[in-house]
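For the single chain, residues carry numbers from 1 onward in sequence order. Worth saying up front: this structure is predicted, and the values here are computed from it rather than measured.
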Amino acid sequence: MTVFIVNKSAHDFTEAEKFGHLIFITEGRLNRFAVNDMHRQTSEALFESDKEDFIVPCSLNVLNSIVCATFAVMHKRLNLLLFKQGDYIERNIIF
């Protein structure tokens with residue numbers, strides 16, 4: 001399984017490795033208004049994703065929305081890893 005992290009930042013994502021190989025979709029500061037660029041990067045990163053993979057939301061709300069929507073359209077489900085008290089918890093929605 002793969003864990004897609006929305007944005008590589010200073011946060012330590014090591015605990016998410018329990019759920020799979022980490023892939024960062026974007027890195028660093030982003031222009032919140034460049035939504036077409038965000039969609040392009042998201043689509044490229046998620047192209048080979050599987051319905052069992054996870055998304056770790058972080059960074060800009062608009063980017064999280066695009067990543068989650070893209071994954072949901074592709075797989076008819078959304079598998080989230082949410083950071084809670086030093087660990088990640090799994091939440092799934094099937095559409």
Side-chain angles (χ1 to χ4, degrees):
M1 281 190 283
T2 303
V3 176
F4 291 94
I5 299 173
V6 173
N7 184 267
K8 185 176 185 180
S9 62
H11 178 78
D12 181 6
F13 295 99
T14 305
E15 288 298 314
E17 289 179 327
K18 296 177 194 173
F19 296 90
H21 173 71
L22 305 185
I23 292 182
F24 296 94
I25 296 174
T26 63
E27 184 173 343
R29 293 185 62 141
L30 302 166
N31 177 351
R32 73 177 60 243
F33 302 105
V35 294
N36 287 331
D37 288 341
M38 290 179 203
H39 180 257
R40 181 185 47 76
Q41 286 179 299
T42 297
S43 297
E44 289 174 6
L46 295 176
F47 180 73
E48 293 188 30
S49 66
D50 185 81
K51 68 179 185 173
E52 302 301 320
D53 293 338
F54 294 96
I55 303 293
V56 174
C58 55
S59 188
L60 298 173
N61 288 337
V62 66
L63 179 58
N64 288 318
S65 299
I66 292 168
V67 170
C68 289
T70 302
F71 190 91
V73 166
M74 290 173 71
H75 301 295
K76 307 294 186 247
R77 65 183 297 138
L78 183 58
N79 307 315
L80 298 172
L81 291 180
L82 305 176
F83 191 71
K84 181 179 182 181
Q85 299 175 345
D87 205 358
Y88 287 90
I89 58 172
E90 181 180 343
R91 294 295 182 260
N92 310 94
I93 302 171
I94 297 174
F95 297 96

### Query
Which atoms form the tightest heavy-atom contact between His39 and Ile66, and what is the distance?
CA-CG2, 3.8 Å
### Query
Which heavy atom of Leu60 sits nearest a heavy atom of Met38, and at what distance?
CD1-CE, 4.0 Å
### Task
Spell out, yes or no, whether Phe54 and Leu46 are grouped together once hydrophobic residues are joined by side-chain heavy atoms under 4.5 Å, including indirect joins.
no
### Task
Find out if a path of hydrophobic residues (ILVMFWY) with successive side-chain heavy-atom gaps under 4.5 Å connects Val73 to Phe47.
no
### Task
Could you tell me whether Phe95 atom CZ has more than 12 heavy atoms of other residues or ligands within 6.0 Å of it?
yes
### Query
Roughly how far, to the nearest 0.5 Å, is the CG atom of Asp53 from the NE2 atom of His21?
10.5 Å
### Query
Hey, are the side chains of Tyr88 and Val56 touching, using non-hydrogen atoms and a 4.5 Å cut-off?
yes
### Query
Checking Thr26 side chain against Val6 main chain: does a donor-acceptor pair fall under 3.5 Å?
yes
## Note on the structure
Output for pair (Asp37 CG, Thr42 OG1), nearest 0.5 Å, gives 10.5 Å
## Note on the structure
Tightest non-hydrogen contact, residues Ser49 and Met74, listed as OG-CE, 3.6 Å
### Query
How far apart are the closest heavy atoms of Ser59 and Leu30, and which atoms are they?
OG-CD1, 4.1 Å
### Task
Any chance you could measure Ile55, atom CD1, to Phe4, atom CZ, to the nearest 0.5 Å?
6.5 Å
### Task
Step through the shown structure and confirm whether more than 12 heavy atoms of other residues, nucleotides or ligands are within 6.0 Å of CZ on Arg32.
no
### Query
Strictly by modelled atom types, are Thr14 and Asp12 linked by a side-chain donor-acceptor pair under 3.5 Å?
yes
### Message
Quick one, His11 and Ile5 - any side-chain contact, counting heavy atoms below 4.5 Å?
### Response
no
### Task
Give a yes or no answer on whether the side chain of Asp87 reaches the backbone of Phe83 with a donor-acceptor pair at less than 3.5 Å.
no
### Message
Looking at every non-hydrogen atom in both residues, tell me the closest pair between Pro57 and Leu82 and how far apart they are.
### Response
CG-CD2, 3.8 Å
### Query
Near Asn61 CG, under 6.0 Å, is it more than 12 heavy atoms from other residues, nucleotides or ligands?
no
### Query
Looking at CD of Gln41 and CG of Asn36, how far apart are the two atoms once the value is rounded to the nearest 0.5 Å?
11.5 Å
### Min side-chain heavy-atom separation Glu90-Leu81 under 4.5 Å
yes
### Summary
Rounded to the nearest 0.5 angstrom, the NZ-CD distance for Lys8 and Glu27 is 5.0 Å
### Task
Over all heavy atoms of both residues, which pair between Glu52 and Met1 is shortest? Give the atoms and the distance, please.
O-SD, 3.2 Å
### Task
For the residue pair Glu17 and Leu22, establish whether any side-chain heavy-atom pair is separated by less than 4.5 Å.
yes
#### Entry: Whether Asn7 side chain and Gly28 backbone form a donor-acceptor pair below 3.5 Å
yes
### Message
For the CG atom of Leu63 and the CG atom of Asn31, what is their distance to the nearest 0.5 Å?
### Response
11.5 Å
### Query
Hey, would you say the Phe13 and Phe24 ring centroids sit under 6.0 Å apart?
yes
### Query
With side chains defined as the heavy atoms from C-beta onward, is the minimum distance between Asp50 and Thr2 less than 4.5 Å?
no
### Query
Are Ile94 and Leu80 joined in one hydrophobic group, where the rule is that I, L, V, M, F, W and Y side chains link up if heavy atoms are under 4.5 Å apart?
no
